[in-house]
Number of protein chains: 2
Amino acid sequence: MSDSPLEARLAQYLTLTFAERDALRWLERRERALPAGEILIREGEATDRLYIVARGWLHGSVKLKDGGRQILRFYFVGDISTTFSIAWGQSAATLQAVSDTQLFEIEKDAFGRLFRNHPRLGALLFAVSTSEQVAMADRLTSIGRTDGVTRIATLLLDIRSRLRVVDGLDGSVFSLPLTQQDLGDAVGLTKTHVNRSLKALEATGLVERQGRVIRINDVERLAEMVDFKDRHGSVATDWLPPPVARSDMDHTG
Amino acid sequence: MSDSPLEARLAQYLTLTFAERDALRWLERRERALPAGEILIREGEATDRLYIVARGWLHGSVKLKDGGRQILRFYFVGDISTTFSIAWGQSAATLQAVSDTQLFEIEKDAFGRLFRNHPRLGALLFAVSTSEQVAMADRLTSIGRTDGVTRIATLLLDIRSRLRVVDGLDGSVFSLPLTQQDLGDAVGLTKTHVNRSLKALEATGLVERQGRVIRINDVERLAEMVDFKDRHGSVATDWLPPPVARSDMDHTG
DNA sequence: CGACGGGTTGATCGGTCTCAACGGGGGTGG
DNA sequence: CCACCCCCGTTGAGACCGATCAACCCGTCG
């Protein structure tokens with residue numbers, strides 16, 4: 001695996017300097033494979049590591065008092081698992097591979113040095129993190145105020161949109177290796193009702209299923225119907241500080 | 001108003017250098033008052049500004065297709081309104097003052113320069129932003145999977161916890177200048193059901209109300225009952241890069 | 001071949017929404 | 001200064017969405 005997922009992601013927003021690209025690749029040295037279904041880290045477990053997704057995807061979840069589970073977000077190629085671990089010495093969520101996954105493992109220290117050596121990247125990562133926060137706010141709205149069909153449709157559109165950015169997914173057909181229970185844990189429905197909602201979605205003709213392969217027949221219309229906003233397309237970069245001069249190149253901080 | 005709210009907030013996590021404190025104060029020059037109920041910026045409106053809360057509090061909300069409203073988060077003293085605006089040229093939410101508010105207005109450019117001149121602060125702001133994201137994830141869980149009483153109780157505990165950090169609130173009595181409609185928009189309930197949930201909460205004896213003043217009689221037990229986790233207490237700073245040397249002091253970037 | 005996990009469907013229950021009405025308090029205009 | 005009104009809080013009755021409980025099917029795997 002020679003491609004750098006994080007570099008590829010950030011390069012979508014910004015033309016990176018050689019030094020910046022170098023620094024990003026420097027982070028991505030310790031590679032690790034994680035088969036589908038395996039758990040990377042558990043809620044509450046101590047850690048000083050972060051992970052960059054290089055292939056496949058994962059989800060982050062928490063256990064509820066009543067034994068249930070809430071899936072909080074998904075991690076796709078180029079995402080960094082800072083959300084639930086960087087602000088504490090332990091993980092605030094359980095990270096589990098949805099599909100076969102390839103990861104780069106990095107120390108929090110090295111991530112910190114990135115802010116020091118490449119402040120423009122630090123600021124860009126801040127912006128990306130913020131856009132993810134807005135995406136989570138959208139999910140909050142979806143879960144809090146809309147019915148089952150809308151929640152499911154919104155989730156499908158969101159996942160498709162992410163896979164598009166990340167896998168270069170061209171059309172509107174994608175594999176969704178989640179059980180209906182998983183979907184329910186993500187949108188706050190029981191598996192029973194997820195099933196009914198999926199059926200109802202299919203009945204509109206806008207979505208088709210064949211096993212765990214999803215086809216969205218009319219993305220525009222479905223997005224309009226459920227008031228979906230794509231937050232993953234772009235990020236403002238006009239406010240970023242200039243990149244550091246070449247002579248400042250340095251990995252050690 | 002001579003105190004620096006952002007400096008005070010960040011100093012809770014870290015001993016700041018003189019240069020860092022200076023840089024933070026440098027951001028807080030353009031002051032602005034906003035009376036309770038006034039709108040700072042509307043969803044979709046173009047902006048290149050951020051705001052630091054110096055006094056009072058606000059909330060950020062979005063309009064729904066059906067005419068409803070979802071309150072996404074609250075902003076307290078020391079918070080920066082980066083969430084809904086820094087990643088785009090326009091605001092993703094409407095910001096409205098809950099109480100009489102004092103703000104510092106800053107340009108996104110100046111915020112960007114902070115990453116350049118004081119990378120340690122940039123990294124710290126990243127960490128703080130991430131912890132807010134986890135707090136939002138908690139709300140997602142609360143709204144998605146729990147009943148009305150629990151949602152309201154969780155919201156009350158969260159607000160109290162924030163006011164504590166920020167206003168030095170000592171006990172468990174605080175003023176809550178929100179209508180029951182507002183509370184409903186925050187937790188995803190109708191005002192009718194907010195009222196019933198509040199009544200039910202009072203019936204447990206754990207919470208009292210007198211008008212819009214709330215008293216939580218037994219914080220521990222209530223937190224235990226609704227599985228509330230306080231995310232605002234601390235932030236890991238061991239991974240931050242070292243502060244810049246004194247000679248690097250500079251506002252212009 | 002039996003066990004198991006996931007998908008599907010039906011029946012019933014319950015929490016929340018909707019619709020509706022009323023009361024109180026504070027602000028406004030006469 | 002009083003009357004009105006409007007917003008907010010409160011309470012009730014009925015409808016509805018999604019949860020719960022339960023059963024059955026199917027494919028896979030041991």
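In what follows, every chain begins at residue 1, and chains take the letters A, B, ... in the order their sequences are listed.
Closest contact between the side chain of Arg209(B) and the listed nucleotides dG18(D), dT8(C), dT10(D) involves dT10(D). Checking dT16(C), dG7(C), dT11(D) against the side-chain heavy atoms of Thr192(B) singles out dT11(D) as nearest. Among the nucleotides dG9(D), dG15(C), dC17(C), the one closest to any side-chain atom of Asn195(B) is dG9(D). The side chain of Leu189(A) lies closest to dA19(D) when the candidates are dA19(D), dT10(D), dT18(C).
Between the side chain of Gln70(B) and the main chain of Val62(B), no donor-acceptor pair closer than 3.5 Å is present. Under the 3.5 Å distance criterion, the side-chain polar atoms of Thr94(B) are matched with a main-chain donor or acceptor of Glu43(B). Panel note: side chain Ser197(A), backbone His193(A); a donor-acceptor pair is recorded below 3.5 Å. Side-chain N or O atoms of Arg139(A) include one that pairs as donor or acceptor with a backbone N or O of Leu72(A) at under 3.5 Å.
Across the protein-nucleic acid pair, Asp66(B) atom CG and dT18(C) atom C1' stand 13 Å apart, rounded to whole Å. dA15(D) atom P lies 18 Å from atom NE2 of His193(B), rounded to whole Å. Atom CD in Gln181(A) sits roughly 11 Å away from atom P in dT20(D) (whole-Å rounding). Computed from coordinates, the Asp185(B) CG to dC8(D) C1' distance equals 14 Å when rounded to whole Å. One interatomic measurement links the two molecules: CD of Glu202(A) to P of dT9(C), which rounds to 10 Å at whole-angstrom precision. Between Leu64(A) atom CG and dA19(D) atom P the separation is 13 Å, expressed in whole Å. At whole-Å resolution of the value, CD in Gln180(B) and C1' in dC17(C) are 16 Å apart. Atom CD1 of Ile152(A) and atom C1' of dG7(C) are 14 Å apart (whole Å).
Residue contacts shown for Thr179(A) are limited to sugar-phosphate atoms, with no base heavy atom under 4.0 Å away. Gly68(A) comes within 4.0 angstrom of no nucleic acid atom, judged by non-hydrogen atoms across all strands. The residue Gly188(B) sits close only to the backbone: its heavy atoms come under 4.0 Å of sugar-phosphate atoms, none of a base. At the heavy-atom level, Arg145(A) lies nowhere under 4.0 Å from the strands shown.
An OP1 or OP2 oxygen of dG15(C) is reached within less than 4.0 angstrom by no side-chain nitrogen or oxygen of Arg151(B). For Lys191(B) and dC17(C), the shortest distance from a side-chain N or O to OP1 or OP2 is not below 4.0 Å. Within the structure, a side-chain polar atom (N or O) of Arg212(B) is placed less than 4.0 Å from OP1 or OP2 of dG9(D).
In this structure, Phe76(A) and Trp57(A) have parallel ring planes: the angle between them is below the 30° cut-off, well short of the 60° mark.
Below the 3.5 angstrom threshold, one finds no donor paired with an acceptor across the side chain of Arg196(B) and the base of dG15(C).
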